[in-house]
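Take a look at the structure set out below.
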Amino acid sequence: MTGLIRGWLDRLDRWGTAAENAVLVLLLTTMILLAVGQIVLRVFFSVGFVWADELISLTVLWVAIVASVAAARSDRHLRIDALSNFVAEKYARFPRIIVDGFAAGMCLFLGWQAFRYIQLLKEFEDVVLTDIPAWIAFAIIPISFVLMAYRFLLLAGKGVLSVISGDVDTESVQS
Amino acid sequence: MIMAVILLVLAVFGAPLFTIIAASAMLGYVKEEIDLMAIVIEVIGISSLPFLSAIPLFTFAGYVLSESNAPKRLVRLTRALLGWMPGGLALVSLAACAFFTAFTGASGVTIIALGAILYPALQQDGYPDRFNLGLVTSAGSLGLLFAPSLPLILYGVISNVSIDSLFRAGILPGMLMLLLLSGYSMWTSGKSDQPLRRFSFKELAGALRESIWELPLPFVVLGGIYSGYFAVSEAAAVTALYVLIVEVLVLKEIKLSKLPQVMRESMLLVGGILIILGMSLASTNYMIDAGVPQQLLAYMSDFVSSQASFLFLLLIFLLILGAILDIFSAIVLIVPLILPIAAQYGVDEVHLGIVFLAAMQLGYLTPPVGLNLFIASYRFDKPIMHVYSATFPFLVILMLSVIIITYWPTLSLWLL
């Protein structure tokens, strides 16, 4: 039974990573091409599209949000990492469970606030890029915060498991 | 108050910084009875910051360069240019690292990409091991003050100071750091008897030919930015596309199939920085609305009367800050608060930026949590205490240069 769940979780993990990579590749490539395209238009034809600049700004936001989810998966969010450098792994994992739990809670809460904001945008029928409903552009935010909450919960859960089973996870979490 | 202490403890325990900042912003919002949804609006606000696309684009370009053989070519070229001088290879290391850091931001990739080539080479040339370790570790954050480094761009975005001015302002202070470290290196290697290499036109020509594809890069980017032809975000886009074409399609040093991995790796750092930026917009906006800078100023004006004593206090503060916080988080969190205070003491905002970054650069090397110390310890498999002590003389010299930079504003403002 646990094997089955673990298998599913692993599969989810691989799909998740692949999805993040695909989105990041798409966004980054779009950003590069749009920005260079704007330069070419400006230099050779003295024109430019306003929507392209807006889209570049939106891509930066999307990259930031999706990359944040990826950073949560790879455990690469910036932290003041004083503890793990000076305290043995065996003791450092207790506070790590607490802070990862805290992070999960915060992300869930932020996700909820973002969801409320999306609803508001929908209500007011805000638009971006001249005619696209703004809530569609920003819907990625609540989703991403919930995904981050899930990652931090997994990290905390892993910590709890390692305390229960008593073995110290020596391999680095960084990928 | 109690909540603030709890958050501080959580931060020290290693909670992701963005969650701490979000929580502190929330506390402020609750106190002022502002809807907590406003935090999300502030996060979305990062999309309206000017030139911000420069950060993901330059970071990506930097990662692509460091994954290719460009570091090797850069070392060969610098060596052909400077290798004949006394302390040649040490100078080569400093110059190459500074150049590479400027182009790749300041994310520790320099030590990994260049240190791995330079450290054994220095050893081979007979430099003492302690010196090599200290040199490579401290050179890893050199170049922070040169365009187009990420911290300079981020400071410009946050403070609304023209990024072009910052790029100009960083040149002389950055050179000062390089010169002082080079002087120290020449002096140390003068004591031991390194055989001098001869300058060879043939080797220089070979090195130039080898790096023919990367050579236009600094000219296009720096020339484009300094001449005002490109905005910094445009320069970043051109760099990213150019590097992508050269390393992946022309030189084929990075397989197309490996590209998604490189993109992901580079964006992990970007995501980490930008999410903190978004949360800090929320928390600092609250703090500015609540008049925190004014309160700080009122408090400080009791015992800080002159610009000189303000700068002294600022330096102490930044050194402590740099020891516990990474440079990116420090910029987004602290700069909005100290800008108005510094203005009251008549400190130029461009000069403030250079002082801020120069002091934070030391943070990479100061215990207990200097990032470069740990990367070097990990990369070269040396005990951390050993890295501390090896880096110490370099730290002292850099400290000296930071003091000069702080109290000699002309150095930063000359080229404006």
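First the proteins, then the strands, lettered A, B, ... as listed; each starts at 1. Bear in mind that the values here come from a model prediction, so they are computed numbers and not experimental data.
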What residue, out of [options], has the most heavy-atom pairs lying under 4.5 Å from chain B?
| options | result |
| --- | --- |
| A/Ala35, A/Gly105, A/Ala103 | A/Ala103 |
| A/Val66, A/Val63, A/Leu110 | A/Leu110 |
| A/Gln38, A/Glu54, A/Arg42, A/Glu20 | A/Arg42 |
| A/Leu33, A/Val69, A/Ile39 | A/Ile39 |
| A/Leu58, A/Leu24, A/Leu28 | A/Leu28 |
| A/Val43, A/Val99, A/Leu27 | A/Val99 |

So which of [options] has the biggest tally of heavy-atom pairs under 4.5 Å with chain A?
| options | value |
| --- | --- |
| B/Ile44, B/Val40, B/Leu274, B/Ile39 | B/Ile44 |
| B/Pro16, B/Ala236, B/Ala237, B/Gly272 | B/Pro16 |
| B/Leu57, B/Leu244, B/Val9, B/Val270 | B/Leu57 |

Modelled atom types, side-chain donor and acceptor of A/Gln119 and A/Arg116, under 3.5 Å: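 Side-chain D/A pair, A/Gln119 to A/Arg116: absent.
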
Residue pair A/Thr17 / B/Arg264, side-chain donor-acceptor N/O under 3.5 Å: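 On atom types as modelled, these side chains do not qualify, holding no pair under 3.5 Å.
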
With a 4.5 angstrom heavy-atom cut-off, which part of [X] approaches chain A: side chain, backbone, both or neither?
| X | result |
| --- | --- |
| B/Leu36 | both |
| B/Ile276 | side chain |
| B/Leu10 | both |
| B/Leu7 | side chain |

B/Glu265/A/Arg76 salt bridge by N-O under 4.0 Å criterion: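 A salt bridge links A/Arg76 with B/Glu265.
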
Carboxylate-amine/guanidinium proximity below 4.0 Å for A/Asp75 and A/Lys158: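 Between A/Lys158 and A/Asp75 there is no salt bridge, as every charged N stays at least 4.0 Å from the carboxylate O atoms.
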
Where do [X] and [Y] come nearest, in terms of heavy atoms and distance?
| X | Y | answer |
| --- | --- | --- |
| B/Phe51 | B/Ser233 | CD2-OG, 3.6 Å |
| A/Val36 | B/Val238 | CG2-N, 4.2 Å |
| B/Ala61 | B/Ala240 | CB-CA, 4.0 Å |
| B/Gly45 | B/Leu281 | C-CD1, 4.3 Å |
| B/Asp35 | A/Gln113 | OD1-OE1, 4.1 Å |

Side chain, backbone, both or neither: which part of [X] has an atom under 4.5 Å from a heavy atom of chain B?
| X | answer |
| --- | --- |
| A/Ile141 | side chain |
| A/Tyr117 | both |
| A/Phe145 | side chain |
| A/Phe152 | side chain |
| A/Leu34 | neither |

Chain A-proximal positions within residues 26-34 of chain B [heavy-atom distance under 4.5 Å]: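 The list, in residue order, reads B/Met26.
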
Heavy-atom neighbours of B/Asp381 CG exceed 12 at 6.0 Å: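 Check fails, neighbour count at 12 or below.
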
Exceeds 12 heavy-atom contacts within 6.0 angstrom, atom CG of B/Leu249: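 Buried by this count: over 12 neighbours within 6.0 Å.
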
Stepwise ring pair (Phe, Tyr, Trp, His ring centres under 6.0 Å) test for A/Phe109 and A/Trp112: CA-CA 5 Å; A/Phe109 187 78; A/Trp112 176 45; 5.7 Å; yes

Those residues of residues 123-136 of chain A, ordered by number, that approach chain B below 4.5 Å (heavy atom to heavy atom):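 Expected list: none.
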
Just by modelled atom types, is the [Y] backbone N or O under 3.5 Å from a matching donor or acceptor in the [X] side chain?
| X | Y | answer |
| --- | --- | --- |
| B/Ser329 | B/Leu325 | no |
| A/Arg73 | A/Asp13 | yes |
| B/Ser227 | B/Gly224 | yes |
| B/Ser141 | B/Tyr364 | no |
| B/Thr19 | B/Ala15 | no |

Parallel, tilted or perpendicular: rings of B/Phe18 and A/His77 (30°, 60°):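 Correct class here is tilted.
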
